Amino acid sequence: MRTQVGIVGAGPAGLLLSQLLDLHGIETVIVERQSQAHVEGRIRAGLLEPGTVALLEEAGVADRLHREGLVHGGIEIAIEGDRHRIDFVDLTDGNTVTVYGQTEITKDLFAARHRAGADIVSEAGDVAVADIAGPEPKIQYRKDGETHTIECDVIAGCDGFHGICRASIGPEQLTVREQLYPFAWLGILAETPPVSPELIYAHHSRGFALFTMRSTSVSRLYLQCTPDENLDDWPDDRIWEELQLRLGGDAAARLVTGPALDKSVIAMRSFVAEPMQHGRLFLAGDAAHIVPPTGAKGLNLAASDVRLLSRALIDHFEHGRSEGLEGYSAACLRRVWNAQRFSWWMTALLHRFPEAGPFDLRRQRAELDYLVSSRSAMTALAENYVGLPFG
Ligand code: APR
Ligand code: PHB
């Protein structure tokens with residue numbers, strides 16, 4: 001089998017890249033380890049910057065997003081129960097963010113790819129890439145008891161943090177920078193209406209909490225917990241009690257409890273592998289970088305990588321120009337590092353660090369008070385949250 005762009009991974013990065021390239025007549029084959037149902041069933045974040053919405057529009061997959069997505073003009077920060085609004089529309093010349101689950105984006109992308117007759121190999125075993133430094137890179141996999149090889153012009157490694165593409169680049173060619181955090185998030189999906197029309201990021205001495213949503217009847221809730229938290233210790237009642245305490249104020253009184261549909265522990269890490277290219281293998285999305293979820297940047301960064309990679313590949317195949325591909329990694333990393341900085345900052349600002357001493361705690365409180373009382377500080381948060389312009 002031969003193709004122009006072999007794509008490893010059918011997450012949002014791989015599917016969106018395939019969709020954007022197809023609009024320019026560039027052939028792709030996607031090789032995915034899991035079944036489509038498994039990929040569509042994963043519960044992930046769901047907050048889109050305007051730039052991500054624009055890219056999904058360009059890809060022709062934004063109709064349902066515009067019908068069902070919730071447009072938010074700001075967020076709230078609760079400090080020990082005291083709520084303050086950060087108004088994105090006012091502070092960033094009219095920008096908004098859109099709440100629409102990654103699960104739904106993945107479904108829309110799969111549907112669009114199948115309508116166009118895309119080549120998607122799912123449930124592929126032993127996926128590997130070979131000859132990435134030379135002119136004929138290959139993807140190999142096993143399916144139905146046979147070994148298959150796809151010869152490609154270029155390979156896009158969109159196989160997430162635990163994929164094989166990044167690992168196939170030798171350690172001497174790749175620099176990894178990583179930071180772990182001494183806490184995790186307990187993520188809960190619940191059949192209850194959101195307590196407030198906008199997201200609430202709650203800083204509390206008992207730990208951080210985030211109130212977000214998937215629709216007007218389904219809430220998504222997160223509680224700071226320990227990295228080795230046992231889900232059995234979190235029956236529904238304890239979750240609601242803890243959320244109420246951390247939220248505080250009138251919003252706590254409005255909290256409607258309901259059955260938890262899903263519970264999981266989400267690790268917090270910052271991670272960047274650079275460069276995002278080796279030979280003819282280009283990494284995009286979680287395969288190259290991870291942010292802690294506090295700033296909601298993971299999916300948006302994956303989309304901005306794909307935006308750059310699709311444009312570079314279109315230039316390469318349509319016009320024979322290679323500057324875009326040569327500059328791909330450096331261009332991505334500028335945005336990636338800024339999002340790393342912002343995600344780290346929001347995480348440090350809002351969480352309770354177990355090792356924090358009395359000075360750290362007062363300094364953190366002073367920073368929170370400054371944030372919600374200074375227009376400049378709120379603007380800095382707002383412009384990063386809605387996403388800086390593509391440079
Ligand atoms: N072979 C083939 N596919 C693989 C392999 C492999 N060896 N390993 C992983 N995959 C697949 C996974 O099953 C998954 O479907 O690659 C896909 C990667 O998708 P994501 O993890 O969703 O990563 P990405 O597309 O970069 O999307 C980034 O997802 O994790 C969130 O916060 C992140 O929202 C962001 C978005
Ligand atoms: C979510 O809706 O799941 C979500 C929103 C904002 C975040 C993280 C997760 O910062």
Side-chain angles (χ1 to χ4, degrees), residues 6-18 30-49 52 69-70 72 75 97-106 109-110 120-129 139-143 155-168 185 187-189 194 198-201 208-215 218-222 264 266-269 271 276 283-306 309 339 342-343 346-347 350 385:
I7 300 176
V8 185
L15 290 166
L16 182 56
L17 180 66
S18 170
I30 305 180
V31 179
E32 164 64 49
R33 173 171 73 169
Q34 306 284 1
S35 68
Q36 179 175 334
H38 177 99
V39 174
E40 290 181 345
R42 284 193 298 238
I43 297 167
R44 296 273 178 84
L47 195 124
L48 311 180
E49 296 174 2
T52 303
L70 306 170
H72 287 188
I75 55 168
V97 291
T98 304
V99 174
Y100 188 67
Q102 180 176 319
T103 311
E104 304 311 314
I105 294 178
T106 309
L109 279 166
F110 261 118
I120 304 179
V121 181
S122 47
E123 297 177 86
D126 300 338
V127 181
V129 295
I139 301 177
Q140 290 156 343
Y141 62 93
R142 282 188 69 77
K143 175 117 187 171
I155 296 177
C158 302
D159 50 347
F161 184 63
H162 301 286
I164 47 95
C165 287
R166 187 181 69 249
S168 69
W185 281 9
I188 304 115
L189 190 69
E198 291 177 342
L199 272 61
I200 304 176
Y201 287 84
F208 169 78
L210 170 60
F211 289 71
T212 167
M213 63 202 72
R214 289 293 171 269
S215 68
V218 176
S219 295
R220 178 78 173 143
L221 312 152
Y222 299 100
S264 63
I266 299 148
M268 305 278 277
R269 74 155 34 93
F271 175 98
M276 288 170 58
L283 302 176
D286 278 15
H289 42 72
I290 295 286
V291 285
T294 325
K297 289 291 169 227
L299 176 60
N300 293 296
L301 271 188
S304 60
D305 291 352
V306 166
L309 186 54
F342 176 66
S343 304
M346 259 192 94
T347 303
L350 290 163
Y385 198 95

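Counting convention: from 1, in listed order, for ligands and their atoms alike. As the structure is a prediction and not an experimental result, all values here were calculated from the model.
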Look at the side chain of Arg142 and the backbone N and O of Gly125, then say whether any donor-acceptor pair between them is shorter than 3.5 Å.
no
Do any nitrogen or oxygen atoms of Ala287 come within less than 3.5 Å of a nitrogen or oxygen of ligand 1?
no
Quick one: is the NZ or CZ of Arg166 closer than 6.0 Å to the six-membered ring centre of Phe161, and within 45° of its axis?
yes
If I apply the N/O under 3.5 Å rule, does His162 come out as touching ligand 1?
no
Below 3.5 Å, N or O to N or O, backbone or side chain included: is there any such pair between Arg220 and ligand 2?
no
Can you tell me which portion of Val8 lies within the under-4.0 Å heavy-atom range of ligand 1? Options are side chain, backbone, both, or neither.
side chain
Consider ligand 2: state whether an atom of it lies below 4.0 angstrom from any non-hydrogen atom of Leu210.
yes
Is ligand 1 under 4.0 Å from a heavy atom in the side chain of Val127, in the backbone, in both, or in neither?
side chain
Pick one of side chain, backbone, both or neither for how Pro12 approaches ligand 1, counting any non-hydrogen atom pair under 4.0 Å.
both
So for ligand 1, is Gln34 a polar contact partner (N or O within less than 3.5 Å, distance only)?
no
If you measure every N/O of Tyr222 against every N/O of ligand 2, is any gap under 3.5 Å?
yes
So, 4.0 Å and heavy atoms of Arg214: is ligand 2 close enough to count as a contact?
yes
From Leu47 atom CG to Tyr385 atom OH, the distance as rounded to the nearest 0.5 Å:
4.0 Å
for atom 5 (C) of ligand 2, nearest protein heavy atom and its distance come out as Leu199 CD2, 3.7 Å
N/O to N/O below 3.5 Å, does that happen between Trp185 and ligand 2?
no
Considering only heavy atoms, does Cys158 approach ligand 1 within less than 4.0 Å through its side chain, its backbone, both, or neither?
backbone
Residue and atom name of the nearest protein heavy atom (relative to atom 4 (C) of ligand 2), distance in Å to one decimal:
Thr212 CG2, 3.8 Å
Which bit of Ile290 is near ligand 1, meaning a heavy atom under 4.0 Å away: side chain, backbone, both or neither?
neither
Which protein heavy atom lies closest to atom 10 (O) of ligand 2, and at what distance to 0.1 Å?
Tyr201 OH, 2.7 Å
Taking heavy atoms and a distance under 4.0 Å, where does Arg42 meet ligand 1: side chain, backbone, both or neither?
side chain
Purely on distance, is any nitrogen or oxygen of Val39 under 3.5 Å from one on ligand 1?
no
Consider every N or O of Tyr385 and every N or O of ligand 2, then say whether any pair is closer than 3.5 Å.
no
Starting from atom 8 (C) of ligand 2, what is the nearest protein heavy atom, named by residue and atom, and what distance separates them?
Pro293 O, 3.3 Å
